[in-house]
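Read through the structure below, which is laid out as structure tokens, and then see the notes.
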Amino acid sequence: MANIEEHFAQVQGINEALVSRELFDFIRSIESELTNLNRKLLNEKSKDIYGDAIGFYSKATEVITKGRKKAGEPFDAKDTGSLLNKLYARIEQDRVVFGSTDSKVELILNSDNWLSHDLFGLTDADLNKIIQEKILPFMIANYRKNLGI
């Protein structure tokens, strides 16, 4: 067990640069989880980042899809080309950026068919879940490791 001077020396080794680098590396390691949460939000929940509906299929869509998509059903973003498959979450400087590399993103975001254009990101509930289940445990374990406790 360390004495008070040894603990003090360990605490002094924890600085903004160290915490920032370790947190950056950790968040980079869960980018795919963040992406999957965004994909689930759009595809399974049919919600935007605020929890609002992204859109509903029309009668014309029901006819075009021969009933596969029913009028009034929520969008699932499957028929938007590669929007779902090309979703990403990546760290850029001091933030996590969500988006899609699908060539039709601008067309989708500018379409009047979608009720929301806030498609990329996480709901507050999903963000809180990531913080509680991933980031907080990482930070606690990391501080314990750095402090030798």
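All values derive from a computational prediction rather than experimental measurement.
A continuous path of hydrophobic side-chain contacts links I131 to M139 [ILVMFWY only; heavy atoms under 4.5 Å]. Transitive grouping of hydrophobic side chains (ILVMFWY, heavy atoms separated by less than 4.5 Å) keeps L127 and L41 in distinct clusters.
Looking at F138 and E22, their side chains come closer than 4.5 Å, going by heavy atoms from C-beta outward. Under the 4.5 Å side-chain criterion, counting only non-hydrogen atoms from C-beta, V19 is not in contact with N142. The closest side-chain heavy-atom distance from F120 to L109 is below 4.5 Å.
No side-chain donor-acceptor contact under 3.5 Å links K66 to the backbone of V63. Under the 3.5 Å distance criterion, the side-chain polar atoms of S29 are matched with a main-chain donor or acceptor of F26. The main-chain N or O of I54 is never found under 3.5 Å from a side-chain atom of D118 such that the two would form a donor-acceptor pair. Of the possible polar contacts, none joining the T123 side chain to the G51 backbone as a donor-acceptor pair under 3.5 Å is found.
For S58, the side chain to side chain donor-acceptor pair (under 3.5 Å) partners are T61, not counting sequence neighbours. Residues satisfying the salt bridge (charged side-chain N to carboxylate O under 4.0 Å, His left out) test with E62, not counting sequence neighbours, are K59. Residues satisfying the ring-ring contact (aromatic ring centres under 6.0 Å, His included) criterion with F75, sequence neighbours excluded, are Y57, W114. For S103, there are no side chain to side chain donor-acceptor pair (under 3.5 Å) partners, not counting sequence neighbours. Judged as a salt bridge (charged side-chain N to carboxylate O under 4.0 Å, His left out), and not counting sequence neighbours, the contacts of K69 are D76, D79. Residues satisfying the ring-ring contact (aromatic ring centres under 6.0 Å, His included) criterion with F24, sequence neighbours excluded, are absent altogether. For E31, the salt bridge (charged side-chain N to carboxylate O under 4.0 Å, His left out) partners two or more places apart in sequence, or in a different chain, are R28.
Residue pairs meeting the salt bridge (charged side-chain N to carboxylate O under 4.0 Å, His left out) criterion with at least one member in residues 43-52, sequence neighbours excluded, do not occur. Sorted by first then second residue, the side chain to side chain donor-acceptor pair (under 3.5 Å) pairs that include residues 128-141, not counting sequence neighbours, are E33-K134. Applying the salt bridge (charged side-chain N to carboxylate O under 4.0 Å, His left out) test to every pair with at least one member in residues 81-108, sequence neighbours left out, gives these pairs: R90-E92.
Atom OG of S100 is separated from atom CG of L119 by 10.0 Å, given to the nearest 0.5 angstrom. D25 CG to I30 CD1: the interatomic distance, rounded to the nearest 0.5 Å, is 12.0 Å. The distance from atom OG1 of T65 to atom NZ of K70, rounded to the nearest 0.5 Å, is 7.5 Å. Annotation: the span from D126 atom CG to L37 atom CG amounts to 5.0 Å, rounded to 0.5 Å. Taking OH of Y88 as the reference point, atom CG of N38 lies at 10.5 Å (rounded to 0.5 Å).
Other residues sharing the hydrophobic cluster of L136, ordered by chain and number and joined by side-chain separations under 4.5 Å: I140. Think of L115 as one node in a network of Ile, Leu, Val, Met, Phe, Trp and Tyr side chains linked at under 4.5 Å; its network also takes in F56.
Between A89 and T35, the shortest heavy-atom contact is N-OG1, 2.9 Å.
Screening I49, V96, L34 for a side-chain contact (heavy atoms from CB on, under 4.5 Å) with L122, the sole residue that qualifies is L34.
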